[in-house]
There are 2 protein chains.
Amino acid sequence: MAQAARAGAQARGGSPDDSWGGVSPDAARRLLVAAVEAFAERGFHATTTRDIAGRAGMSPAALYIHYRTKEELLYHISRVGHDRSVRLLSEAAEAAGPYRERLAGAVRTFVRWHAEHHTTARVVQYELSALGEEHYAEIVGLRRRSEKVMRDLVAAGAEAGEFAVDDPRATALAVLSLCIDVARWYSPGRRTPEEIGAFYADLALRMVGAAPR
Amino acid sequence: MAQAARAGAQARGGSPDDSWGGVSPDAARRLLVAAVEAFAERGFHATTTRDIAGRAGMSPAALYIHYRTKEELLYHISRVGHDRSVRLLSEAAEAAGPYRERLAGAVRTFVRWHAEHHTTARVVQYELSALGEEHYAEIVGLRRRSEKVMRDLVAAGAEAGEFAVDDPRATALAVLSLCIDVARWYSPGRRTPEEIGAFYADLALRMVGAAPR
DNA sequence: CCGCACGCTGAGCGCCTGCTCAGCGTGCGG
DNA sequence: CCGCACGCTGAGCAGGCGCTCAGCGTGCGG
């Protein structure tokens with residue numbers, strides 16, 4: 001199959017993703033980082049525990065000292081990733097200032113995170129369905145929270161007369177959808193996460209009818 | 001795992017997708033439809049040949065009379081799906097009339113297809129990386145064609161003074177990204193594909209700075 | 001200097017996967 | 001009415017999967 005060549009280039013070209021610095025012990029962190037890379041490249045079901053352990057420089061059995069199952073590894077990644085992205089979105093949305101600035105800030109931050117941590121984000125956004133029943137339900141809950149944050153922001157801006165939208169709920173979903181899809185197509189080079197974030201903030205303002213003219 | 005319950009509900013609630021009517025013989029078509037449903041629900045790697053054959057009401061061995069491998073089944077789906085969506089997009093983009101109407105028409109048609117055939121679209125858009133090397137390269141080519149269609153349309157509208165965009169290439173990518181992501185979140189109910197298409201056409205016009213005020 | 005606790009490995013179990021093949025049934029040309 | 005051709009099945013193979021476990025090495029408290 002073709003993944004090896006395609007994904008290998010991307011992995012070595014991409015960043016090692018520094019967002020797992022706090023995880024200890026060292027071996028557990030190395031396994032987590034290896035799993036993020038492997039899941040992002042091949043997907044959860046196409047990744048073997050031998051592959052994860054190999055990338056972390058360990059034997060397959062070592063994985064089970066730190067995590068009970070392969071699915072638990074995915075759950076950890078999803079959990080931490082969602083926590084982080086929801087928190088970034090909420091903090092930006094609840095900042096002081098006019099709604100158009102809050103929306104621009106929220107989109108810029110959210111998009112920048114999806115570009116900078118695109119390997120993690122890809123796992124978080126697209127491997128969700130491989131989670132077990134209970135873990136899936138929990139993660140969907142977090143996901144709904146970020147939808148609510150965006151929905152409330154757009155609705156508040158509309159009520160305040162800053163935004164001109166017919167359907168705040170659908171508009172909010174579309175803005176979020178646009179941001180999330182960054183994780184699917186982004187790869188380093190061409191433009192920086194910061195630039196894409198700024199560009200998307202402008203697009204979001206246009207979508208809610210609040211673009212500076 | 002949780003897929004069975006989640007996906008089962010969706011499969012039986014959703015449409016059986018009529019876009020494969022032309023495929024014959026009958027058994028080959030049933031297998032194709034079964035594969036689309038299974039891949040959309042669980043993903044390519046989590047789907048077994050026994051599952052596909054079972055859904056089509058046949059024994060596992062029957063699959064290999066009509067298709068050489070499981071991957072070839074995915075290739076057929078991707079090929080036909082991409083052909084169809086690229087053609088829909090091109091025809092709408094190359095219609096007569098002002099660019100703003102062409103863009104609106106293209107987005108409406110493209111989004112409607114992604115919603116109506118969301119099972120097929122999900123496979124087409126998100127299972128791509130499971131293809132073999134050569135098939136992957138071919139499909140990526142089709143994909144680039146749809147990117148070019150949208151890019152040319154946005155650039156032409158900008159040059160004609162109908163659109164106000166800073167970066168036509170990035171704007172076109174964002175519009176396409178927004179449309180494609182419909183396949184990820186759409187499920188029947190709430191709003192019809194037609195309604196979502198019309199709403200997204202309006203969003204696209206706003207994104208290129210050509211919204212009616 | 002001993003011995004225990006802990007992180008880790010090599011070997012491997014049981015299961016399930018994609019895929020194969022000899023043979024069976026059915027329907028159609030002669 | 002025969003016989004061949006073709007679509008399909010039941011049984012099953014080789015290999016790879018997630019996961020386990022007895023035992024090895026190393027470093028630290030006593």
Side-chain angles (χ1 to χ4, degrees), chain A residues 1-4 7 20 23-39 41-78 123 127 129-136, chain B residues 1-4 23-39 41-78 123 127 129-136:
Chain A
M1 293 264 178
Q3 293 90 333
W20 308 101
V23 179
S24 74
D26 182 68
R29 197 191 61 248
R30 270 156 48 217
L31 285 165
L32 210 60
V33 171
V36 169
E37 285 175 10
F39 292 163
E41 285 172 21
R42 300 153 143 65
F44 177 81
H45 289 292
T47 298
T48 69
T49 53
R50 283 162 238 264
D51 181 25
I52 297 169
R55 284 171 192 249
M58 306 173 82
S59 91
L63 196 151
Y64 295 89
I65 293 159
H66 301 282
Y67 303 93
R68 271 180 303 161
T69 61
K70 189 176 94 165
E71 191 266 356
E72 193 175 277
L73 217 28
L74 176 64
Y75 169 63
H76 258 87
I77 295 164
S78 288
V123 177
E127 299 300 322
S129 67
L131 287 168
E133 195 104 50
E134 288 175 29
H135 290 162
Y136 179 81
Chain B
M1 293 267 179
Q3 293 90 332
V23 179
S24 74
D26 182 68
R29 197 192 60 248
R30 271 155 49 215
L31 285 164
L32 209 61
V33 171
V36 169
E37 285 175 10
F39 292 164
E41 285 172 21
R42 302 152 143 63
F44 177 81
H45 289 292
T47 299
T48 69
T49 53
R50 284 164 237 262
D51 182 25
I52 298 170
R55 284 171 191 249
M58 305 171 84
S59 92
L63 197 152
Y64 294 89
I65 293 160
H66 301 282
Y67 304 93
R68 270 180 305 161
T69 61
K70 187 176 95 165
E71 192 264 357
E72 195 175 274
L73 218 27
L74 176 64
Y75 169 64
H76 259 85
I77 295 164
S78 289
V123 176
E127 298 301 322
S129 67
L131 287 168
E133 195 104 49
E134 289 176 29
H135 289 162
Y136 179 81

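Letters go in sequence order (proteins before strands), and every chain restarts at 1. Small disclaimer: the values here were computed from a predicted structure and weren't measured.
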#### Entry: Electrostatic pair B:R42:B:E127 at N-O distance under 4.0 angstrom
no
### Message
Distance check needed: D:dG18 C1' versus A:L74 CG, whole Å only.
### Response
15 Å
### Query
With a 4.5 Å limit on heavy-atom distance, are the side chains of A:T49 and A:L73 in contact?
no
### Task
Determine, step by step, whether B:L131 and B:F44 satisfy the side chain to side chain contact (heavy atoms under 4.5 Å, CB included) criterion, reporting the C-alpha distance in whole Å, the side-chain angles of both residues, the deciding distance to 0.1 Å, and the verdict.
CA-CA 9 Å; B:L131 287 168; B:F44 177 81; over 6 Å; no
### Full working for side chain to side chain contact (heavy atoms under 4.5 Å, CB included) between A:M58 and A:R30
CA-CA 9 Å; A:M58 306 173 82; A:R30 270 156 48 217; 3.5 Å; yes
### Query
What is the distance from CD1 of A:I52 to P of D:dG16, rounded to the nearest Å?
18 Å
### Query
What distance separates A:Y136 OH from A:S78 OG, expressed to the nearest 0.5 Å?
11.0 Å
### Query
Pairs counted as Watson-Crick or G-U wobble with both distances under 3.5 Å: what dot-bracket string results for DNA chain D, using | for bases tied to another strand?
||||||||||||||||||||||||||||||
### Task
Please work out which of the three classes, parallel, tilted or perpendicular, describes the rings of A:H76 and A:Y67, given edges at 30° and 60°.
perpendicular
#### Entry: Rounded distance in Å - CG (A:D51) to C1' (D:dC19)
16 Å
### Query
Think A:H66 has a side-chain N or O under 4.0 angstrom from the OP1 or OP2 of C:dG7?
no
## Note on the structure
In B/S/- notation (B base, S sugar-phosphate only, - none; protein heavy atoms under 4.0 Å), nucleotides 13-28 of chain C written 5' to 3' is ----BBBBB-------
### Flag, side chain of A:K70 to backbone of A:T47, donor-acceptor distance under 3.5 Å
yes
### Query
Partners of A:R68 by salt bridge (Lys or Arg N to Asp or Glu O under 4.0 Å), sequence neighbours excluded?
A:E72
### Query
Separation of B:I65 atom CD1 from D:dG10 atom P, in whole Å?
12 Å
